[in-house]
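Below, each value reflects all heavy atoms present in this structure, side chains not excepted, and no hydrogens, waters or symmetry copies.
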Amino acid sequence: MLTSKQRSTLRSLASNIEPVTQVGKLGVNDAFIEGLDKALEKRELIKVTVLENSGEEPKEVGFLIAEKLGAEFVCATGRKLVFYRRSKNNKIEHIEF
């Protein structure tokens with residue numbers, strides 16, 4: 001569980017990154033989750049856009065994705081979602097709080 005200070009730090013870091021993918025008409029499926037899992041392992045912090053035509057509420061999708069990934073749902077800003085999970089890969093630069 002993230003503290004409010006950690007959440008704030010992650011939100012500020014996420015403001016400078018581009019979304020890695022989008023939730024569209026197909027919604028959240030296994031292939032989508034697999035792709036996000038790989039992205040989280042490489043980056044630790046990712047941003048996802050929920051498209052208008054998906055018919056999904058961003059926060060609901062955020063909690064669903066976080067649960068499936070075993071990640072922290074940092075925030076939803078409009079239709080942008082931010083996720084964090086510490087990588088098990090020691091070769092990357094980890095986010096320090």
Side-chain angles (χ1 to χ4, degrees):
M1 196 72 178
L2 295 172
T3 65
S4 61
K5 187 172 183 175
Q6 290 170 329
R7 216 173 274 285
S8 176
T9 300
L10 291 172
R11 269 195 307 267
S12 68
L13 290 171
S15 68
N16 298 323
I17 63 174
E18 293 295 318
V20 293
T21 190
Q22 304 170 337
V23 177
K25 288 184 200 177
L26 299 177
V28 178
N29 56 35
D30 291 339
F32 179 80
I33 293 296
E34 186 178 319
L36 287 182
D37 187 50
K38 289 177 183 175
L40 268 174
E41 197 57 36
K42 287 183 181 178
R43 301 180 184 195
E44 292 190 333
L45 186 68
I46 61 170
K47 191 185 287 187
V48 176
T49 303
V50 179
L51 297 178
E52 294 272 344
N53 67 355
S54 71
E56 304 281 346
E57 285 297 317
K59 280 191 178 181
E60 291 175 13
V61 171
F63 289 119
L64 174 68
I65 291 171
E67 182 181 323
K68 289 187 177 208
L69 288 172
E72 293 285 338
F73 176 42
V74 177
C75 68
T77 306
R79 301 194 75 79
K80 307 269 193 242
L81 310 175
V82 178
F83 300 96
Y84 168 77
R85 184 179 71 199
R86 186 159 177 92
S87 177
K88 295 173 187 156
N89 185 351
N90 291 326
K91 295 180 182 178
I92 69 163
E93 184 177 332
H94 295 288
I95 297 172
E96 298 298 330
F97 296 104

Exercise for review: Grab the two heavy atoms, one from I92 and one from K42, that are nearest each other, plus how far apart they are.
Suggested key: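 It is CD1-O, 3.7 Å.
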
Determine whether a donor-acceptor pair (N or O, by modelled atom type, separation under 3.5 Å) exists between the side chain of [X] and the backbone of [Y].
X   : Y   : result
E44 : I95 : yes
K47 : I17 : yes
S87 : E41 : yes
E67 : L64 : no
R85 : L40 : no

Point to revise | Partner set under ring pair (Phe, Tyr, Trp, His ring centres under 6.0 Å) for F32, not counting sequence neighbours | key: none

Practice item. Apply side-chain hydrogen bond (donor to acceptor under 3.5 Å, both in side chains) to K80 and list each qualifying residue two or more places apart in sequence or on a separate chain. Key: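 side-chain hydrogen bond (donor to acceptor under 3.5 Å, both in side chains) check on K80 returns T49.
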
Measuring only between side-chain heavy atoms, which start at C-beta, is [X] closer than 4.5 Å to [Y]?
X   : Y   : result
V20 : R43 : yes
I65 : F83 : yes
R7  : C75 : no
L10 : V82 : no

**Study point:** Shared hydrophobic cluster, L69 / F63 (ILVMFWY, side-chain heavy atoms < 4.5 Å)
**Key:** yes

